[in-house]
Amino acid sequence: MTHLSPCPPPAPPASGRGVSEHLRARIAAGGPVSVADYMAAANAHYYASCDPLGAAGDFVTAPEISQMFGELVGAALADAWARAGRPSDAVYAELGPGRGTLAADALRVMRGAGFAGDVHFVETSPALRQAQAIAVPGARFHDRIEELPPRPLLLAANEFFDALAVEQWVGDEQRRVAHDGTGFAFTVDGDIRETSPQRDAAAAALATHLARHGGVAIVIDYGYSGGETGDTLQAVRGHAFSDPLADPGEADLTAHVDFAALARAARGCAVSRVVSQGSWLETLGIGARASALAARNPGQTEAIGAARRRLCDEAEMGRLFKVIALRHADWPAIAGLEP
Ligand code: SAH
């Protein structure tokens with residue numbers, strides 16, 4: 001990635017003020033802002049102007065660890081498409097494609113299986129759109145899920161929902177972010193419960209599209225399958241955790257995804273069970289894929305094994321990351337996510 005600067009971003013936003021100043025002025029004028037508003041403002045700035053991914057950036061995602069990840073997602077989508085009768089109007093779609101790595105790896109497998117459909121990305125960051133257009137020439141861009149074309153979707157979303165804003169609640173009181181003159185501070189502390197109207201709206205829009213036009217969606221993210229409470233808002237900068245209130249817009253703000261809430265919001269389509277990323281990738285044959293890759297690249301055998309362990313081992317990404325599939329009721333279940 002030579003054409004995009006790693007974070008922190010080199011230039012202030014168009015307003016001429018940093019997001020920190022913007023939030024301060026907003027709090028001075030209207031009082032403390034919700035955690036969701038704070039997170040949305042910080043992330044909009046963060047993703048808009050730089051490339052946060054990879055070794056030089058702030059964090060590394062599964063598709064950046066190994067091509068095996070995107071290849072297996074692509075194989076699962078191609079398999080569902082084949083069992084649906086290979087509809088020629090289906091399109092590959094992705095939410096928040098990052099550098100476009102997952103899409104490029106998935107599409108290589110899907111093209112090999114005969115899929116010839118168009119590619120549609122939902123992405124708001126101009127900097128990342130640039131990278132995606134290079135990784136996947138011909139991709140079309142959209143700001144919102146609702147703008148995807150009225151076609152059956154073969155959709156992937158990896159680490160998209162965790163970047164969408166969460167609200168935090170202590171009892172019935174919404175937790176807000178204030179500014180005391182020297183820095184940002186939370187208005188209340190206590191036992192925290194998180195909700196996310198922004199995620200619910202995205203899941204509902206995706207489900208509505210699938211119910212109307214057909215297709216399947218694979219959503220992968222870190223989080224829990226339901227019932228948990230607690231503060232999961234975190235900031236990651238330079239591959240280390242940092243204070244979410246320290247420098248809004250300069251670190252990646254995420255919160256764990258509540259998969260039960262996502263499933264509830266996906267009204268109108270069939271929703272799979274939730275499976276851990278490690279067991280899903282093993283079921284899909286990452287072992288065989290790793291052996292085949294190593295046979296062709298003997299010098300890479302160690303690295304390929306290490307990547308597989310990083311993606312699948314319970315102590316690494318294998319258990320914290322989870323997979324869920326949404327689909328039109330008449331479409332087949334995604335492999336490894338059958339009822
Ligand atoms: N899927 C990629 C990138 C994950 S980072 C990977 O696995 O490597 C989150 C991605 O979602 C980035 O591409 C970011 O720009 C995008 N994004 C974040 N909030 C968004 C929003 N509200 N609408 C559309 N895209 C968003």
Side-chain angles (χ1 to χ4, degrees), residues 1 4 6-7 9 19 36-37 39-74 92-107 119-136 139-148 155-166 196-206 217-223 234-237 239 249 251-255 257 277 281 307 310-311 317 320-323:
M1 198 69 24
L4 281 179
C7 298
V19 69
D37 285 351
M39 186 174 170
N43 272 352
H45 178 264
Y46 176 75
Y47 284 110
S49 45
C50 61
D51 176 9
L53 293 152
D58 287 325
F59 58 96
V60 177
T61 57
E64 305 295 333
I65 290 171
S66 167
Q67 69 187 75
M68 295 186 287
F69 183 81
E71 288 170 347
L72 290 170
V73 169
Y92 176 85
E94 196 174 324
L95 310 181
R99 289 177 168 179
T101 309
L102 192 165
D105 292 335
L107 281 161
V119 177
H120 290 265
F121 290 157
V122 176
E123 174 61 66
T124 43
S125 161
L128 289 173
R129 278 188 180 197
Q130 258 187 59
Q132 293 157 18
I134 292 168
V136 184
R140 321 249 183 99
F141 292 98
H142 308 278
D143 286 324
R144 299 158 48 79
I145 293 167
E146 289 85 344
E147 294 165 11
L148 286 168
L155 183 140
N158 186 61
E159 291 209 43
F160 170 75
F161 282 90
D162 68 62
L164 301 184
V166 292
S196 178
Q198 198 186 359
R199 287 180 189 158
D200 291 350
L206 178 54
I218 301 174
V219 173
I220 305 164
D221 223 310
Y222 53 111
Q234 63 184 39
V236 171
R237 187 176 188 181
H239 302 275
D252 182 41
L253 291 188
T254 65
V257 172
Q277 170 173 300
L281 293 175
R310 194 156 165 208
L311 292 172
M317 298 173 77
L320 177 59
F321 281 75
K322 298 183 173 63
V323 190

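When a ligand or atom number is given, it counts from 1 through the structure's own listing order. Note that the numbering runs from 1 along the sequence shown for the chain.
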Asks: Heavy-atom distances under 4.0 Å decide this one: backbone, side chain, both or neither, for Pro97 against ligand 1?
Replies: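 It is the backbone that touches ligand 1; the side chain stays farther off.
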Asks: Counting non-hydrogen protein atoms only, what is the nearest one to atom 21 (C) of ligand 1? Give residue, atom name and distance.
Replies: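 Ranked first by proximity to atom 21 (C) of ligand 1 is Thr124 OG1, 3.5 Å.
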Asks: Rounded at 0.5 Å granularity, tell me how far CZ in Phe160 sits from OG1 in Thr61.
Replies: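 Output value for this atom pair is 14.5 Å.
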Asks: Flag Tyr47 as yes when one of its N or O atoms lies below 3.5 Å from any N or O atom of ligand 1, and as no otherwise.
Replies: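 No - when backbone and side-chain N and O of Tyr47 are compared with those of ligand 1, no distance drops under 3.5 Å.
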Asks: The criterion is ring pair (Phe, Tyr, Trp, His ring centres under 6.0 Å); which residues satisfy it with Tyr92, sequence neighbours excluded?
Replies: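 Residues passing ring pair (Phe, Tyr, Trp, His ring centres under 6.0 Å) with Tyr92: none at all.
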Asks: So, do Glu159 and Phe321 sit near enough that their side-chain heavy atoms are less than 4.5 Å apart?
Replies: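 With C-beta onward as the side chain, the pair touches.
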Asks: Determine whether a donor-acceptor pair (N or O, by modelled atom type, separation under 3.5 Å) exists between the side chain of Asp221 and the backbone of Phe161.
Replies: yes
Asks: For Val236, is there any backbone N or O sitting under 3.5 Å from a side-chain donor or acceptor partner on Asp252?
Replies: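 No.
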Asks: So which heavy atom in the protein is nearest atom 7 (O) of ligand 1, and how far is it from that ligand atom?
Replies: Asn158 ND2, 2.8 Å
Asks: Of all the heavy-atom pairs spanning Ala307 and Ser66, show the shortest one and how long it is.
Replies: CB-CB, 3.7 Å
Asks: Does Glu146 have any salt bridge (charged side-chain N to carboxylate O under 4.0 Å, His left out) partners at least two apart in sequence or in another chain, and if so, which?
Replies: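 Salt bridge (charged side-chain N to carboxylate O under 4.0 Å, His left out) check on Glu146 returns Arg144.
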Asks: What protein heavy atom sits nearest atom 11 (O) of ligand 1, and how far off is it?
Replies: Gly96 CA, 3.3 Å
Asks: Counting only nitrogen or oxygen atoms and a 3.5 angstrom limit, does Gly98 reach ligand 1?
Replies: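 Yes: some nitrogen or oxygen of Gly98 is under 3.5 Å from one in ligand 1.
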Asks: Testing the basics here: between Pro63 and Thr101, what is the closest heavy-atom pair and its distance to 0.1 Å?
Replies: O-CG2, 3.5 Å
Asks: Among all protein non-hydrogen atoms, which one is nearest to atom 19 (N) of ligand 1, and what is the separation to 0.1 Å?
Replies: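 For atom 19 (N) of ligand 1, the nearest protein heavy atom comes out as Leu164 CD2, 4.1 Å.
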Asks: Counting each atom of ligand 1 from 1 as listed, which ones have a heavy atom of Ser125 under 4.0 Å away?
Replies: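 Result: 15 (O).
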Asks: For atom 15 (O) of ligand 1, what's the nearest protein heavy atom and its distance?
Replies: Glu123 OE2, 2.5 Å
Asks: Give me the nearest non-hydrogen protein atom to atom 4 (C) of ligand 1 as residue plus atom name, then the distance to 0.1 Å.
Replies: Glu159 O, 3.5 Å
Asks: Determine the minimum heavy-atom distance between Val73 and Leu102, stating which atoms define it.
Replies: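 Of all heavy-atom pairs spanning Val73 and Leu102, the closest is CG1-CD2, 4.2 Å.
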Asks: Would you say ligand 1 has an N or O under 3.5 Å from any N or O of Pro63?
Replies: no
Asks: Please confirm whether Leu128 approaches ligand 1 to less than 4.0 Å, judged on its heavy atoms.
Replies: yes
Asks: In ligand 1, which numbered atoms sit nearer than 4.0 Å to a non-hydrogen atom of Phe160?
Replies: 11 (O), 20 (C), 23 (N), 24 (C), 25 (N), 26 (C)
Asks: Got an N/O contact under 3.5 Å between Thr61 and ligand 1?
Replies: yes
